[in-house]
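One structure below.
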Amino acid sequence: MPLAANDTPDKTRRLQIKLYLAAKRSPTRRLHALYDKVHRTDVLECAWHQVQTNRGAPGIDAQTIEAIEAGGVPAFLAALQSELERGTYRPQAVRRVRIPKATGGERPLGVPTVRDRVVQAAVKIVIEPLFEADFADCSFGFRPRRSALQARERIGIGMQRERRLYVVDADIQGFFDNLDRVILLALVRRRISDRRVVGLIRSWLSAGVFDGGALLHPEAGTPQGGVVSPLLAIVYLNTLDQWWQKHAGALTRYADDLVILCQQPDQAERALEVLTSMLAKLRLQLSPTKTRVVGLADGTAGFDFLGFHNRWIPMFRDRRRRHAACWPSQRAMQAARQRIRELTLPQRVGLPISVIVQDINRFLQGWIAYFRYGNSAQHFQRFDRYVTQRLCRFISRKHNRSGLNYGLRVLMGSKTQLGLVRASGSVRYGFANAGGERVRRAV
């Protein structure tokens with residue numbers, strides 16, 4: 001039963017299980033007595049722990065997590081609890097920041113204040129089980145105990161076992177910025193009749209965005225970066241998921257990225273038409289530059305999804321047979337090389353080599369853990385060579401030498417090669433569950 005993380009306190013977890021089972025037993029039931037659970041002491045403490053663990057930047061009030069810790073967390077939570085109980089809590093506008101996108105341009109993110117993040121986390125703890133009881137199996141993004149690797153496994157099975165080799169590779173344009181708030185709140189009310197909880201959600205949607213010294217009030221969308229925003233996004237698209245699962249069953253979605261696997265080209269074209277029509281009812285549209293129909297059968301084309309490039313290729317030992325394969329996409333490889341470049345910039349030459357290796361290893365461990373499930377051996381080997389070259393040039397520069405030969409001698413002269421993590425040899429030809437365990441061999 002996908003509910004909260006394993007470190008959720010027992011009392012809070014029992015609440016979530018109770019709410020989940022109540023919703024599961026009655027698919028049309030609307031729950032009303034929820035607000036008093038939001039400001040329960042154990043729920044607020046759990047919400048604070050989640051926000052504290054994620055850290056994050058301050059909002060427009062400039063109050064940091066460190067400042068709250070220094071002033072006393074119990075006092076902070078007690079004051080917040082009092083505001084919620086008396087009905088005087090009011091959210092502040094989110095602070096807009098922009099981060100560069102891998103495809104170019106910038107992605108706007110909304111940073112709520114820490115106090116707003118805690119209240120959002122508390123509401124999410126209470127209402128998420130109600131919606132989890134309704135969510136479809138084809139949805140994987142931002143859900144408890146579900147992962148991008150599980151979504152990739154679903155795609156691999158669809159390609160290999162069901163021979164679905166015509167793909168609608170789709171992306172919803174400006175998804176978080178274009179959610180219709182009237183539709184969203186109507187979908188929320190299908191499960192929640194507590195007006196105070198719905199009022200909290202409405203207040204976050206309308207709190208405004210502080211951008212470049214100006215306070216803006218967009219009429220649509222939910223700020224990407226809020227604690228509760230991913231859950232609301234899943235609620236918004238759940239009607240799409242449910243319809244597709246009942247009528248076709250070949251949709252795999254992770255947030256606003258989705259693919260539909262079909263067995264025939266005309267089915268794929270029809271699926272694209274239906275998808276476009278259904279999204280229009282939700283006042284959304286597909287990105288024309290990121291949406292296409294791809295035929296995989298001849299092995300000359302593939303598609304990218306969640307960082308992996310997926311393709312139908314000949315088997316190594318029998319070229320007459322083909323199988324579903326995947327490896328890090330070109331964009332994922334470029335992003336990884338860029339990160340290694342950032343960690344070995346000349347500006348960092350004053351740092352000890354051990355610190356540089358430690359930073360590289362920290363990145364590599366997470367990157368390898370994600371991409372090791374697939375057909376990534378050759379890409380891992382090439383990436384190892386790139387990392388070695390960058391590190392060796394960095395070492396040479398640190399000792400006022402040119403080229404990479406001096407750095408290579410230092411690296412190879414170390415019995416442990418300075419403790420540098422290697423990607424080669426770590427590939428697992430299978431898939432991983434939410435805990436990262438190998439669950440079956442790849443086809």
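Everything numeric here is computed off the predicted structure, so don't read it as measured data.
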Q173 and P288, any side-chain heavy atoms less than 4.5 Å apart:
yes
Verify, without hydrogens or angle tests, whether D169 (side chain) and T291 (backbone) share a donor-acceptor contact under 3.5 angstrom.
no
Using the side-chain contact (heavy atoms from CB on, under 4.5 Å) rule, take L237 and S139 through it: C-alpha gap first, then chi angles, then the decisive distance, then the call.
CA-CA 9 Å; L237 289 178; S139 170; over 6 Å; no
Which pair of heavy atoms, one from A268 and one from Y166, lies closest together, and at what distance?
CB-CB, 4.1 Å
Using the benzene-type ring in the case of Trp, are the ring centres of F308 and Y370 under 6.0 Å apart?
yes
Do you see a donor-acceptor pair shorter than 3.5 Å between the side chains of Y406 and N400?
no
What do the steps show when you test V427 against F371 for side-chain contact (heavy atoms from CB on, under 4.5 Å), and what is the final call?
CA-CA 8 Å; V427 173; F371 286 106; over 6 Å; no
Validation row: R117, V111 side chains within 4.5 angstrom (heavy atoms):
yes
From S206 atom OG to R181 atom CZ, the distance as rounded to the nearest 0.5 Å
7.0 Å
Would the distance check show the side chain of D116 and the main-chain N or O of Q92 forming a donor-acceptor pair, the cut-off being under 3.5 Å?
yes
In the structure I gave you, are the side-chain heavy atoms of L84 and L44 within less than 4.5 Å of one another anywhere?
yes
Is there side-chain contact between F140 and R154, with heavy atoms separated by less than 4.5 Å?
yes
Nearest non-hydrogen partners of V126 and L19, listed with the distance
O-CD1, 3.2 Å
N-O pairing of R146 and D137 below 4.0 Å
yes
Backbone N or O of I125 within a donor-acceptor pair of the E128 side chain at under 3.5 Å?
no
Answer whether the closest heavy-atom distance between the side chains of I260 and W244 falls below 4.5 Å.
yes
So how far is it from L261 CG to I155 CD1, rounded to the nearest 0.5 Å?
6.0 Å
Can you tell me how far apart CD (Q330) and NE2 (H309) are? Round to the nearest 0.5 Å.
9.5 Å
Are R422 and T388 linked by a side-chain donor-acceptor pair shorter than 3.5 Å?
yes
Does any N or O in the side chain of R393 come within less than 3.5 Å of the main-chain N or O of I395, such that one atom is a donor and the other an acceptor?
no
Within a strict 4.5 Å, meaning less than it, do heavy atoms of the K398 and I356 side chains meet?
no
With a 3.5 Å distance limit and no angle check, can you tell me whether Q263 reaches the backbone of E162 through a side-chain donor-acceptor pair?
yes
Polar side-chain atom of Q16 near backbone of P129 as donor-acceptor pair, under 3.5 Å:
no
Is the number of heavy atoms from other residues, nucleotides or ligands within 6.0 Å of CZ (R341) greater than 12?
yes
Carboxylate-amine/guanidinium proximity below 4.0 Å for D304 and R331
no
Please name the pair of heavy atoms, one in S203 and one in P91, separated by the smallest distance, quoted to 0.1 Å.
OG-CG, 3.5 Å
Does D177 reach the main-chain N or O of G221 with its side chain, forming a donor-acceptor pair under 3.5 Å?
no
Does L411 offer a backbone N or O that forms a donor-acceptor pair with the side chain of Q417 under 3.5 Å?
no
Any side-chain to backbone donor/acceptor pair from R283 onto A280? Under 3.5 Å, distance only.
no
Once you round to the nearest 0.5 Å, how far does CZ of R339 lie from CG of L364?
10.5 Å
Compare every heavy atom of P328 with every heavy atom of S376, then report the nearest pair and how far apart it is.
OG-CD, 3.3 Å
In short, L282 meets Y236 closest at the heavy-atom pair O-OH, 2.5 Å
Is D359 salt-bridged to R362, cutoff N-O under 4.0 Å?
yes
Atom CD of residue position E273 - does it have more than 12 heavy atoms of other residues, nucleotides or ligands inside 6.0 Å?
yes
Between side-chain atoms of residues 61-79 and protein atoms elsewhere (two or more places apart, or another chain), which donor-acceptor pairs fall under 3.5 Å?
unit_1, atom_1, unit_2, atom_2, d
D61, OD1, Q63, N, 3.1
T64, OG1, A67, N, 3.0
E66, OE2, R55, NH2, 2.8
E69, OE2, Q52, NE2, 2.6
E69, OE2, R55, NH1, 3.3

Just say parallel, tilted or perpendicular for the rings of Y89 and W204, cut-offs at 30° and 60°.
perpendicular
Straight-line distance of T344 OG1 to R390 CZ, nearest 0.5 Å:
3.5 Å
Heavy-atom side-chain contact between W312 and D298 under 4.5 Å
no
With side-chain contact (heavy atoms from CB on, under 4.5 Å) as the criterion, how do F394 and L343 come out once you've worked through the C-alpha distance, each side chain's angles and the decisive distance to 0.1 Å?
CA-CA 10 Å; F394 180 87; L343 294 175; over 6 Å; no
Criterion side-chain contact (heavy atoms from CB on, under 4.5 Å) on V188 and L232, from CA distance to verdict:
CA-CA 8 Å; V188 169; L232 297 179; 4.2 Å; yes
State the CZ-CZ distance between R90 and R115, to the nearest 0.5 angstrom.
10.5 Å
Any donor-acceptor N/O pair, N178 side chain to L284 backbone, under 3.5 Å:
no
Mind checking what makes ring-ring contact (aromatic ring centres under 6.0 Å, His included) contact with F380, not counting sequence neighbours?
W367
Going by heavy atoms in the side chains, are Q50 and K124 under 4.5 Å from each other?
no
Return the minimal non-hydrogen interatomic distance between N405 and S396, and the atom names on each side.
N-OG, 4.4 Å
